[in-house]
Amino acid sequence: MSELESPHLDEQHSANPSQSATLRPSVASDAPIFAVKPERGSLPAAVWGIAGLVVVLLVALLVFAGRKQPAATPNTLQPADAYAASLPLSQLAMSESTNLSGGKLTYLDGHVRNTGDRTVTAATLQVVFQNDEQLAPQIDTVPLSLIRMREPYIDTEPVSADPLKPGDDREFRLIFETVPQNWNTQMPEVRVIHAGLR
């Protein structure tokens, strides 16, 4: 068809709409020719984000659940290990002071001697606060802290910082932020229940 005939054909199509419908290909008038088709099976980014968060939370939960829970401080008398008898305690004395926030601190000072043949790198003690009310005593399980220096103030350190060699006699201090309300104010029983050795 020549360029001269094309206007004539267009006029015929506009004059007879039923014919133009049959001659023109059927194309949706509103749809663009090069429209991007949505991918089937793809999920929105928000769904992937939520799924990732759920996976991270599950992994964190499994990690924390798998960790060994620290043993609760026992509130019952524990049996002493074999070397505990080689760490006799002596010269026990108690004192009190107030801290900067107005609370009361209770100190239990004494001497510990290593009468055994091994070096002690740690020790655990139990302190039994009795009462006069026929109730079970309060039992505190604490690590042994040795006095490092006395001037200008008393400073303590763990036994591991300066282990107790055989024959050593050292001063120690235990610090309690709270003591039982019903404590009978008598000297508590202090027992070595465990010794770390090398």
*Are Val54 and Leu58 close enough, and set up right, to give a side-chain contact (heavy atoms from CB on, under 4.5 Å), and what steps lead you there?*
CA-CA 6 Å; Val54 168; Leu58 285 175; 4.2 Å; yes
*Show your reasoning for whether side-chain contact (heavy atoms from CB on, under 4.5 Å) applies to Leu92 and Asp109.*
CA-CA 6 Å; Leu92 298 179; Asp109 296 337; over 6 Å; no
*Does the Thr124 side chain pair with the main chain of His194, one donor and one acceptor, at a distance under 3.5 Å?*
no
*Spacing of Arg173 atom CZ and Ile147 atom CD1 [to the nearest 0.5 Å]*: 5.5 Å
*Reported CG-to-CD distance for the pair Leu146 and Glu157, which is rounded to 0.5 angstrom*: 6.5 Å
*Got a donor-acceptor contact below 3.5 angstrom from the Asn184 side chain to the Asp132 backbone?*
no
*Taking atom CD of Gln91 and atom NE2 of His111, what is their separation to the nearest 0.5 Å?*
4.0 Å
_When you compare the side chain of Leu164 with that of Asp169, does any pair of heavy atoms fall below 4.5 Å?_
no
*Could you state the interatomic distance from CG (Asn131) to OG1 (Thr185), rounded to the nearest 0.5 Å?*
11.5 Å
*For Asp168 and Pro163, which heavy atoms make the closest approach, and how far apart are they?*
OD2-O, 3.9 Å
_One pair to check against side-chain contact (heavy atoms from CB on, under 4.5 Å): Leu77 and Gln126. What are the steps and the verdict?_
CA-CA 7 Å; Leu77 289 177; Gln126 282 195 316; 3.8 Å; yes
*asked:* Less than 4.5 Å apart, side chain to side chain, heavy atoms only: is that true for Leu89 and Phe172?
replied: yes
_Give me the atom names and distance for the closest heavy-atom approach of Pro166 to Gly116._
CB-O, 3.3 Å
*What closest approach, in Å, do Gln138 and Pro180 show between heavy atoms, and which atom pair accounts for it?*
OE1-CG, 3.2 Å
*Any Leu174 side-chain heavy atom under 4.5 Å of Val127 side chain*: yes
*Among side-chain atoms of Tyr83 and Asp117, is any donor-acceptor pair under 3.5 angstrom?*
no
*Linking I/L/V/M/F/W/Y whenever any side-chain heavy atoms sit under 4.5 Å apart, do Val179 and Met94 land together?*
yes
_Any Pro88 side-chain heavy atom under 4.5 Å of Val112 side chain_ = no
*Check: Ser145 side chain, Thr156 main-chain N or O, donor-acceptor pair, under 3.5 Å*: no
*In Å, rounded to the nearest 0.5 Å, how long is the span from OG of Ser95 to CD1 of Ile154?*
7.5 Å
_Please give me the minimum heavy-atom distance between Ala195 and Val120, naming the atom from each residue._
CB-CG1, 4.4 Å
_With heavy-atom distances below 4.5 Å as the criterion, would you say the side chains of Thr141 and Ile193 are in contact?_
yes
*Assess whether salt bridge (Lys or Arg N to Asp or Glu O under 4.0 Å) is satisfied between Arg150 and Glu171, documenting all intermediate values.*
CA-CA 10 Å; Arg150 288 195 166 273; Glu171 292 180 289; 2.8 Å; yes
*asked:* How close do Trp183 and Gln130 get, counting heavy atoms only, and between which atoms?
replied: CD1-O, 3.2 Å
*Establish, yes or no, whether a centroid distance under 6.0 Å links the rings of Phe176 and Phe129.*
yes
*asked:* Taking Leu197 as the starting point, is it possible to reach Val192 by hopping between hydrophobic residues whose side chains are less than 4.5 Å apart?
replied: yes
*Can you tell me if Gln78 uses its side chain to pair, donor with acceptor, with the backbone of Thr76 under 3.5 Å?*
yes
*Between atom OG1 of Thr121 and atom CG of Asp162, what is the distance when rounded to the nearest 0.5 Å?*
12.0 Å
*So which heavy atom on Thr119 is nearest to which on Asn114, and how close?*
CA-ND2, 4.3 Å
_Set out, in order, the CA-CA distance, both residues' side-chain angles and the distance that settles side-chain contact (heavy atoms from CB on, under 4.5 Å) for Val142 and Ile175, then state yes or no._
CA-CA 9 Å; Val142 295; Ile175 303 172; over 6 Å; no
_Are more than 12 heavy atoms, taken from residues, nucleotides or ligands other than Glu177, located less than 6.0 Å from that residue's CD atom?_
no
